[in-house]
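One structure is given here, and the rest of the page talks about it.
All of these numbers come straight from a predicted model, not from anything done at the bench. Proteins come first, then strands; the chains are lettered A, B, ... in the order of their sequence lines, and each starts at number 1.
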Amino acid sequence: MSRDGPLLPPPIPDLESELCRLLDQIPVDRVTTYGELATALGDRRAAPWVARSLHGRPTAGMSMLEHPRAWSVVRRDGSLGVARSPEPELLALGYPAPSPTNWLTKRRWAEFVTREPLRDLIEWQDALSLRDDQPDRLGAVKTIGGLDVSYGTNLAVAGLSIMDFPSGECLVQKTIARRPAFPYIPGYLSFRELRPMLEAVREAAAMGHRADVWLVDGNGRLHPRGAGIATAVGQMLRQPTIGVAKSLLCGRLDKPDAKGCAPILDREGSPIGMMTTKPGRKPLYVSVGYGLTLSRAVDIVHSVWRQHRLPEPIRIADGISRRRARLPAED
DNA sequence: GCGACAG
DNA sequence: ATCTTGTCGC
Ligand SMILES: [Mg+2]
């Protein structure tokens, strides 16, 4: 009996059809809010995604969800977004008299029957969560990998690089293209990018290429549930990983040291990451993914952080994945 | 109740 | 993340 926790990615729910099943339930003379729909999906933090899906600008990579009840969703204060004028169906229900807020109070409905699919994903992350400091299962580092994902129209391209250390020679470059299976929602990045990353790693491994430690574009322990994508990659591979993010997802900055580096603390005051910086460079947010200590992670990032914004293995992965994602023939 | 929000 | 040209500055 294994007590090592899950080693497989979870089943990925089709969030768009889950959202449609919720919209189907709204009585014809009632309306709901983006936040209520997100809550019914399992996490109110998905509200911006709901809003973009129903009424967002048709940007590249994101299709607008066409549903006959899309008009039945408004903001929690009763207002509509910018660039949205009241649909005929809303006007037929008297919107917005006497005021949007007042009108919403009378029409609001949220008695959804739902499995809350995001809750399953939360549970999966909770099972991976790094409650304690990781033991250092990393010996001498001879190779450092980088993982990133770029996007085109209905296309996700994972990029992988492996650099020899300390020479800096790039030993491996690989990309794989897939269909995006899940949207970007803060806190749920792993369900969008984990699969492509793992498949790239496995293809490289099948050709005899491996890395001692992987730098993952995103966070590890620096995550609302202590289990970002770097943790997911590390736990699935049972290999040391480091999360490297370009902006802060959560946590609060402690006092910076003389070099401008600052620990990142959770609500209890425990360190969950480190903001690192170099003169004239935007900071990076480093966290443990799996299998090493935070100070070791920071040392490794600094050892491959040269003149560019990103540490070299991730910069290469970013470059090759982006180039392929923009290739017209890939559509 | 408000705001914050990796890629 | 992506859509997008030139431009300001080390
Ligand atoms: Mg990325």
Side-chain angles (χ1 to χ4, degrees), chain A residues 33-35 38 43-53 56-64 75-78 101 118 121 125 146-159 177-197 215-233 241-253 264 266-267 272-276 278-289 301 307-311 314-315 317-319 321-328 330-331:
Chain A
T33 68
Y34 301 117
D43 188 344
R44 202 178 68 84
R45 298 224 307 178
W49 172 77
V50 174
R52 285 196 310 274
S53 298
R57 306 300 311 160
T59 57
M62 223 197 61
S63 58
M64 263 233 311
R75 293 176 167 180
R76 78 178 163 197
D77 66 353
T101 307
L118 293 179
L121 304 182
Q125 288 177 327
L147 294 168
D148 189 22
V149 180
S150 298
Y151 297 90
T153 304
N154 196 25
L155 181 73
V157 177
R178 297 290 185 270
R179 296 297 174 211
F182 197 81
Y184 171 71
I185 298 170
Y188 299 82
L189 177 64
S190 52
F191 307 109
R192 181 166 171 80
E193 300 195 339
L194 174 63
R195 287 270 194 185
M197 284 185 180
L215 305 189
V216 179
D217 188 23
N219 292 309
R221 190 175 182 174
L222 180 46
H223 180 274
R225 292 170 285 282
I229 186 168
T231 300
V233 172
T241 57
I242 299 169
V244 181
K246 299 176 286 296
S247 65
L248 194 56
L249 169 64
C250 62
R252 57 170 231 274
L253 292 174
I264 303 160
D266 66 13
R267 270 187 280 193
I272 53 177
M274 185 75 77
M275 182 187 81
T276 72
K278 282 183 162 191
R281 210 81 50 86
K282 287 187 66 174
L284 295 177
Y285 303 86
V286 177
S287 60
V288 169
V301 168
Q307 71 267 41
H308 300 280
R309 181 183 180 195
L310 289 170
I314 291 188
R315 188 182 72 85
D318 175 75
S321 61
R322 186 172 315 190
R323 183 160 34 111
R324 179 164 173 192
R326 290 181 178 187
L327 236 48
E330 291 285 1
D331 293 44

What pairs of nitrogen or oxygen atoms, one from the protein and one from nucleotides 5-7 of chain B, lie under 3.5 Å apart?
residue: dA6(B); atom: OP2; partner: Tyr184(A); partner atom: OH; Å: 2.5
residue: dA6(B); atom: O5'; partner: Tyr184(A); partner atom: OH; Å: 3.4
residue: dA6(B); atom: O4'; partner: Asn219(A); partner atom: ND2; Å: 3.4
residue: dA6(B); atom: N7; partner: Gly187(A); partner atom: N; Å: 3.2
residue: dA6(B); atom: N6; partner: Gly187(A); partner atom: O; Å: 3.3
residue: dA6(B); atom: N6; partner: Tyr188(A); partner atom: N; Å: 3.4
residue: dA6(B); atom: N6; partner: Leu189(A); partner atom: N; Å: 3.2
residue: dA6(B); atom: N6; partner: His223(A); partner atom: NE2; Å: 3.4
residue: dA6(B); atom: N1; partner: Ile229(A); partner atom: N; Å: 3.4
residue: dA6(B); atom: N3; partner: Asn219(A); partner atom: N; Å: 3.0
residue: dA6(B); atom: N3; partner: Asn219(A); partner atom: ND2; Å: 3.4
residue: dG7(B); atom: OP1; partner: Lys246(A); partner atom: N; Å: 2.6
residue: dG7(B); atom: OP1; partner: Lys246(A); partner atom: NZ; Å: 3.2
residue: dG7(B); atom: OP2; partner: Ser247(A); partner atom: OG; Å: 3.1
residue: dG7(B); atom: O3'; partner: Asp217(A); partner atom: OD2; Å: 2.8

Polar-atom pairs under 3.5 Å, protein N or O versus N or O of nucleotides 5-10 of chain C: list them with distances, or write none.
none

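Legend: residues meeting salt bridge (charged side-chain N to carboxylate O under 4.0 Å, His left out) with Lys246(A), ordered by chain and number and at least two apart, are Asp217(A). Ala158(A) pairs by the side-chain contact (heavy atoms from CB on, under 4.5 Å) definition with Val149(A), Ile176(A), Pro196(A), Ala200(A), not counting sequence neighbours. Listed by chain and number, the residues in a salt bridge (charged side-chain N to carboxylate O under 4.0 Å, His left out) with Arg195(A) amount to none (sequence neighbours excluded). Residues that satisfy the salt bridge (charged side-chain N to carboxylate O under 4.0 Å, His left out) test with Arg315(A), not counting sequence neighbours, are Glu312(A). By the side-chain hydrogen bond (donor to acceptor under 3.5 Å, both in side chains) test, Tyr188(A) pairs with Asp43(A), sequence neighbours left out. Listed by chain and residue number, Ile320(A) satisfy the side-chain contact (heavy atoms from CB on, under 4.5 Å) test with Arg323(A) (two or more places apart in sequence, or in another chain). The side-chain contact (heavy atoms from CB on, under 4.5 Å) search around Ala232(A) returns Trp124(A), Leu128(A), Ser190(A), Leu194(A), not counting sequence neighbours. When the salt bridge (charged side-chain N to carboxylate O under 4.0 Å, His left out) test is applied to Arg178(A), the partners found at least two apart in sequence or on another chain are Glu199(A).
Atom-to-atom, CZ of Arg44(A) to P of dG3(B) comes out at 11 Å; the value is rounded to the nearest Å. Between Tyr34(A) atom OH and dG3(B) atom C1' there is a gap of 19 Å when expressed in whole angstrom units. Taking atom CZ of residue Arg326(A) and atom P of nucleotide dT4(C), one finds them 10 Å apart after rounding to whole Å. For Leu155(A) and dC3(C), the CG to C1' distance is 16 Å, given to the nearest whole Å. Look at CG on Leu253(A): it is 15 Å from P on dA4(B), rounded to the nearest Å.
Scanning both residues, Tyr285(A) and Met275(A), for their nearest heavy atoms gives CE2-CG, 3.6 Å. Considering all non-hydrogen atoms of both residues, Pro180(A) and Arg192(A) come closest at CB-NH1, 3.9 Å. Across every non-hydrogen atom of Ser287(A) and Gly273(A), the tightest pair is CB-CA, 4.2 Å. Of all the heavy atoms in Asp148(A) and Ala317(A), the pair that sits closest is N-CB, 3.9 Å.
Across all strands shown, Arg252(A) has no heavy atoms under 4.0 Å from either base or sugar-phosphate atoms.
One finds a side-chain N or O of Arg322(A) lying less than 4.0 angstrom from the OP1 or OP2 phosphate oxygen of dA1(C).
Checked by atom type and distance alone, the side chain of Arg309(A) never pairs as donor or acceptor with a backbone atom of Arg281(A) at under 3.5 Å.
Paired regions of DNA chain B, requiring three or more successive Watson-Crick or G-U pairs whose two hydrogen-bonding distances fall under 3.5 Å, are not present.
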Exercise. Would you write out the dot-bracket form of DNA chain C, 5' to 3', with Watson-Crick and G-U pairs under 3.5 Å, [ ] for crossing pairs, | for pairs to other strands and . for unpaired bases?
Worked result: ..........
